[in-house]
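We count ligands from 1, going down the list as the structure has it; atoms in each ligand are counted the same way. Nothing here was measured: the structure is a model prediction, and the numbers come from that model.
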Amino acid sequence: MGFGISPRQPETDYNVPVKRILLFAGLGIVLLVIAGAAIVGSAFMGRQAITDGFEINGIRIVRDGFASVAVLPMGEGEVALVDAGNDPSGEAIRAELSRRGLGPEAVKAVLITHGHGDHIAAIPLFPNAEAMALAAEVPLIEGRAGARGPLTRFFPPNPTGIRVARTLQDGDTVMLGQTPVRVFAVPGHTDGSAAYLVNGVLFLGDSADATTEGELRGAPWVFSDDQAQNRASLVRLQQRLAEEGAGVQAMAFAHSGVLIQGLAPLAAFAQQNP
Ligand SMILES: [Zn+2]
């Protein structure tokens, strides 16, 4: 009547290892997702917060979500920007221009630290702005090439409609009105990542971050083309600035707050990364 022990089905022997394999595969995927989330999360953890409206030497930091933009006065009714943020509607930048009684046409130049989308989004809003970047960064900014980082490589290149009007070289000095801007190549986060020194403030874009402890740390691996090159570029930059007595008073970062200890945080970084 079928109440006895039913004979083992041949597939039962087969199913047990399959279930075990599926279980381990599932656990593996879960662990990979957790590890991935931890790696991406660590890039954001421990960063000193961006202070909206922070001013130093006539330069003002404008927070645009998780990115920042700097506004540099160029002369009567004219400004330049360092980067143009993450927001294509440029709300935070336009609010800052309005506060100064200016409109979008007052922006005469944008110094681009690098071509990731969260630093260039509002550039098309400024009809008179001359976009400037290192030559090596132009394809990424214009959307003709993609980035090569562990995560950024999955974002296919897309035409941005942005045209870099002036290509810069390492060591250039650009005049914004009466204000000289020194240009330094710091490849690694991207091929054409630039640092700019203006009025004693060194803009590092995503090539470095300020930690909550007030230390400088390099670009996060997961978003960077070449982390080792980024570290080497920061060390070399420190040597150059120290040798020429460049008069760095502060360092500004695209995703973290301004450090006002001169070159010291970069010198400490260089000492830890010989
Ligand atoms: Zn970036």
Side-chain angles (χ1 to χ4, degrees), residues 36 39-50 61-70 81-88 90 92-93 110-124 131-160 162 164 167-168 170 183-196 201-211 216-234 237 251-259 266 269:
I39 288 168
V40 172
S42 70
F44 295 93
M45 300 264 285
R47 276 176 176 166
Q48 189 171 301
I50 298 164
I61 303 294
V62 175
R63 193 168 76 86
D64 174 22
F66 68 98
S68 72
V69 171
L81 304 178
V82 179
D83 287 338
N86 185 46
D87 173 11
I93 303 171
V110 182
L111 295 163
I112 302 170
T113 62
H114 67 295
H116 286 156
D118 51 331
H119 304 268
I120 58 174
I123 290 177
M132 304 183 192
L134 285 173
E137 197 70 354
V138 174
L140 187 62
I141 294 167
E142 296 186 345
R144 290 182 279 108
R148 295 182 288 106
L151 195 63
T152 53
R153 73 181 57 196
F154 295 106
F155 298 91
N158 233 331
T160 57
I162 297 166
V164 176
T167 53
L168 308 172
D170 180 45
V183 180
F184 299 95
V186 282
H189 179 61
T190 58
D191 278 344
S193 277
Y196 300 107
V201 182
L202 182 68
F203 290 92
L204 284 156
D206 280 0
S207 292
D209 262 313
T211 70
L216 182 144
R217 71 181 184 200
W221 166 77
V222 72
F223 298 121
S224 299
D225 287 0
D226 187 334
Q227 191 186 37
Q229 189 187 31
N230 162 258
R231 304 299 189 259
S233 289
L234 291 173
L237 178 65
M251 286 186 277
F253 313 88
H255 297 294
S256 41
V258 176
L259 294 179
L266 188 57
F269 175 90

### Task
Give every protein N, O or S atom lying under 2.8 Å from the Zn ion (ligand 1), naming each by residue and atom.
H114 NE2, H116 ND1, H189 NE2, D206 OD2

### Query
Looking at S68 and I61, what are the two nearest heavy atoms and their distance?
CB-CG2, 3.9 Å

### Query
Between F223 and H189, is the ring centre distance below 6.0 Å?
no

### Query
Among all residues two or more places apart in sequence or in another chain, which pass the side-chain hydrogen bond (donor to acceptor under 3.5 Å, both in side chains) test with R148?
D191

### Query
With distance as the sole test, does N230 use its side chain to make a donor-acceptor pair with the main-chain N or O of S207 at under 3.5 Å?
yes

### Query
Backbone N or O of R47 within a donor-acceptor pair of the T211 side chain at under 3.5 Å?
no

### Query
Under 30°, 30 to 60°, or over 60°: which ring-plane class applies to H116 and H119, parallel, tilted or perpendicular?
tilted

